[in-house]
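Step one of this worksheet: look at the structure below.
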There are 2 protein chains.
Amino acid sequence: MNQMDDHDPGPMHKGIQEVAEMLGVTQRALRFYEDNGLISPQRVSGTRIYSRRDMGRMQLILRGKRLGFSIREIREFLDLYDRDPTQHDQISHLLTRVREKIVDLKAQQVALEKTIGELIQIEAEAAEQLSKGGA
Amino acid sequence: MNQMDDHDPGPMHKGIQEVAEMLGVTQRALRFYEDNGLISPQRVSGTRIYSRRDMGRMQLILRGKRLGFSIREIREFLDLYDRDPTQHDQISHLLTRVREKIVDLKAQQVALEKTIGELIQIEAEAAEQLSKGGA
DNA sequence: GCCGGAATTGACGTAAGCGTCAGTTTGCGC
DNA sequence: GCGCAAACTGACGCTTACGTCAATTCCGGC
């Protein structure tokens, strides 16, 4: 029994350069997420070393981003995920947030629809102007 | 024949305060639009006086905003509108821009749809987790 | 001739998510 | 023991559409 107190299924420690390439993000982004408390890779005399766990968190972060969550919201998820091994409260909270986001996006959808409708109408009017006023 | 070289169907000159209230915008916004060349009200010893023409332009500006055009795009429209009394090029340009915007917004619509779909799936999964893992 | 309210012009602040230096340190290879 | 590549830490930049002071000026009323 060694002292690996954290889950770490074998080594897979990558440097920032490689991680950035793997995930398709910049090193700056990785440091930014760290500055904002989303990840906290080990340090070997300053240099960041990303474990498998860090990679998993990054996947969650990138997914959250794609889904339109802000950095703060994502951190909220991750924090709760960390503090709730049973995952009950975490899932519950996630569910709430996801539902809120769905409501939000559906509202955006309605607004978008309306705007597109107006634009199409404007387009028709403009096209008519052009045809009837053709020089 | 007087020297009113500009169109001005009768007086209707309002101060910034009244105009702001009428349009539901702040005075700061009005000054901002002026700084960005969207409107240029007369000055009476410094104080801004908004003519009917200015009001008309403000209506266009606000409409453009509602339709999701940026200040720059709106200025583009207004500039062309100013320089093209025949309105042919202006309408033509407007048409192009409107169509671009429609394409843009439709793309956003697709992306939104996709995102909402993913969120709904996540919602379902989370709900299931909660029900089956209920304490 | 003074007071108060309204208008004016800077100019910095805000939010989000990094981009982009600049200057320094570390580590590896030979 | 040196050089260069790579990593690090600030810290300011960017974009958009104004918000929010702050300091000044102007105008009407009494």
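All figures in this text were calculated on a predicted structure; none of them were measured in a lab. So that the names make sense, note that chain A is the first sequence line, chain B the second, and so on, each numbered from 1.
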Worksheet item: Hey, mind stepping through B/Tyr81 and B/Gln87 against side chain to side chain contact (heavy atoms under 4.5 Å, CB included) and telling me if it holds?
Response: CA-CA 7 Å; B/Tyr81 190 88; B/Gln87 299 191 343; 3.7 Å; yes

Practice prompt. Show your working on side chain to side chain contact (heavy atoms under 4.5 Å, CB included) between A/Glu113 and A/Ile116 and close with a plain yes or no.
Written response: CA-CA 5 Å; A/Glu113 197 76 51; A/Ile116 290 176; 5.5 Å; no

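Considering only side-chain atoms of B/Thr26, the nucleotide from D/dC18, D/dG19, C/dG19 that sits closest is D/dG19. With D/dC18, C/dT8, C/dA7 as the choices, the nucleotide that has an atom nearest any side-chain atom of B/Phe32 turns out to be D/dC18. The B/Ser70 side chain lies nearest to D/dA17 when the options are C/dA7, D/dC18, D/dA17.
With B/Leu80 as reference, B/Gln90 is the one residue of B/Arg97, B/Gln90, B/Arg75 to meet the side-chain contact (heavy atoms from CB on, under 4.5 Å) rule.
At the phosphate of C/dC18, OP1 or OP2 sits under 4.0 Å from a side-chain N or O atom of A/Tyr33. Contact annotation: A/Lys65 does not reach the phosphate of C/dG17 (side-chain N/O to OP1 or OP2, under 4.0 Å). Within the structure, every side-chain polar atom (N or O) of B/Arg28 is placed at least 4.0 Å from both OP1 and OP2 of C/dA11. OP1 and OP2 of D/dC27 both lie 4.0 Å or more from every side-chain N or O belonging to B/Thr47.
Per the geometry, CD belonging to B/Glu73 stands 15 Å off P belonging to D/dT15, to the nearest Å. Taking atom CG of residue B/Asp35 and atom P of nucleotide D/dC18, one finds them 12 Å apart after rounding to whole Å. Across the protein-nucleic acid pair, A/Arg48 atom CZ and C/dT26 atom P stand 15 Å apart, rounded to whole Å. Regarding A/Glu34, its CD atom lies at a distance of 7 Å from the P atom of D/dT9, rounded to whole Å. Atom CD1 in B/Ile74 sits roughly 13 Å away from atom P in D/dT16 (whole-Å rounding). Whole-Å rounding puts the A/Gln17 CD to D/dA5 P distance at 13 Å. We find that CZ of A/Arg31 is positioned 16 Å from C1' of C/dG17, with the value rounded to whole Å. Spacing between atom NZ of A/Lys14 and atom C1' of D/dA6 amounts to 17 Å, rounded to whole angstrom units.
B/Glu73 has its side chain within reach of B/Lys101: a pair of non-hydrogen atoms, C-beta onward, lies under 4.5 Å apart.
Looking only at distances, a side-chain donor or acceptor of A/Asp84 sits under 3.5 Å from a matching main-chain atom of A/His88.
Both A/Ser45 and B/Ile49 lie near DNA chain C, and the one whose nearest nucleotide falls closer to the 5' end is B/Ile49.
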